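These figures come from a predicted structure and were not determined experimentally.
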Amino acid sequence: QVQLVESGGGLVQAGGSLRLSCAASGRAFSSAAMGWFRQAPGKERDFVAAISWSGSTTRYADSVKGRFTISRDNAKNTVYLQMNSLKPEDTAVYYCAGEWTREIATMANEYDYWGQGTQVTVSS
């Protein structure tokens, strides 16, 4: 049974930074494509960033390019999302996702496993 557990969310002022972590267990993490998505109240779940199983390939939503960085540590079974220059519109619940059949994935329906989410609130 795969488990993904996010941490690192919180309240931050606009312009600040946060680092989200997602710890995986239950399956070979080094074989997993991992992604971050976010969902604001009343909106759909949107793609934020993705990383290939090797870490050599990354993808970002246009809205976060240049501000967010996804990375992974396969020795620690953890994927990270470093978020800088945060804006109020970044406020959402952030979800970690994993899947084991593709090198990298950017669509929510490509992922098989999801974490419970962590709240990020950016005040203006």
(request) Report the distance from atom CH2 of Trp114 to atom CZ of Arg45, rounding to the nearest 0.5 Å. (result) 5.0 Å

(request) Would you give the length of the straight line joining atom OG1 of Thr101 to atom OH of Tyr111, rounded to the nearest 0.5 angstrom? (result) 10.0 Å

(message) With a 3.5 Å distance limit and no angle check, can you tell me whether Asn74 reaches the backbone of Ala28 through a side-chain donor-acceptor pair?
(response) no

(request) Would you check if the side chain of Glu6 reaches a backbone N or O of Gln116 as a donor-acceptor pair within less than 3.5 Å? (result) yes

(request) Would you indicate whether the side-chain heavy atoms of Phe47 and Met107 approach each other to under 4.5 Å? (result) no

(request) Working to the nearest 0.5 Å, report the span between OG of Ser31 and CH2 of Trp100. (result) 8.5 Å

(message) With rounding to the nearest 0.5 angstrom, report the OG1 to OH distance, Thr118 to Tyr95.
(response) 10.0 Å

(message) Treating Thr78 as the side-chain partner and Lys76 as the backbone partner, does any N or O pair qualify as donor plus acceptor under 3.5 Å?
(response) yes

(request) Would you give the length of the straight line joining atom CG of Leu18 to atom CD of Gln82, rounded to the nearest 0.5 angstrom? (result) 8.5 Å

(message) For residues Phe37 and Ile51: do they belong to one hydrophobic cluster (side chain heavy atoms under 4.5 Å, members Ile, Leu, Val, Met, Phe, Trp, Tyr)?
(response) no

(message) When you measure from the side chain of Tyr113 to the backbone of Leu4, do you find a donor-acceptor pair of N or O atoms at a distance under 3.5 Å?
(response) no

(message) When you group the ILVMFWY residues by side-chain heavy-atom contacts below 4.5 Å and let the links chain together, are Val93 and Met34 in the same group?
(response) no

(request) Flag yes if Val48 and Val122 sit in one hydrophobic cluster, no otherwise; membership is Ile, Leu, Val, Met, Phe, Trp, Tyr, and two members link when side-chain heavy atoms are under 4.5 Å apart. (result) yes

(message) Donor-acceptor check, side chain of Arg72 to backbone of Phe29, threshold 3.5 angstrom: yes or no?
(response) yes

(request) With the side chain counted from C-beta on, respond yes when Asp112 and Val2 share a heavy-atom pair under 4.5 Å apart, and no when they do not. (result) no

(message) So which atom in Cys96 and which in Val79 form the shortest heavy-atom distance, rounded to 0.1 Å?
(response) SG-CG1, 3.9 Å

(message) Within the 4.5 Å heavy-atom criterion, are Leu81 and Arg38 side-chain neighbours or not?
(response) no

(request) With the side chain counted from C-beta on, respond yes when Gln119 and Thr91 share a heavy-atom pair under 4.5 Å apart, and no when they do not. (result) yes

(request) Please work out whether the ring planes of Phe68 and Tyr94 are parallel, tilted or perpendicular, with thresholds of 30° and 60°. (result) tilted

(request) May I have the step-by-step check of salt bridge (charged side-chain N to carboxylate O under 4.0 Å, His left out) for Lys87 and Asp90, ending in yes or no? (result) CA-CA 5 Å; Lys87 305 175 181 180; Asp90 294 318; over 6 Å; no

(request) Indicate the atoms forming the closest heavy-atom contact of Thr106 with Ala50, along with that distance. (result) CG2-CB, 4.5 Å

(request) Kindly compute the distance separating CG (Asp73) from OG (Ser30), expressed to the nearest 0.5 Å. (result) 11.5 Å

(message) Less than 6.0 angstrom from the centroid, inside 45 degrees of the normal: does Arg67 satisfy that with respect to the ring of Tyr60?
(response) no

(message) Within the 4.5 Å heavy-atom criterion, are Met83 and Trp36 side-chain neighbours or not?
(response) no

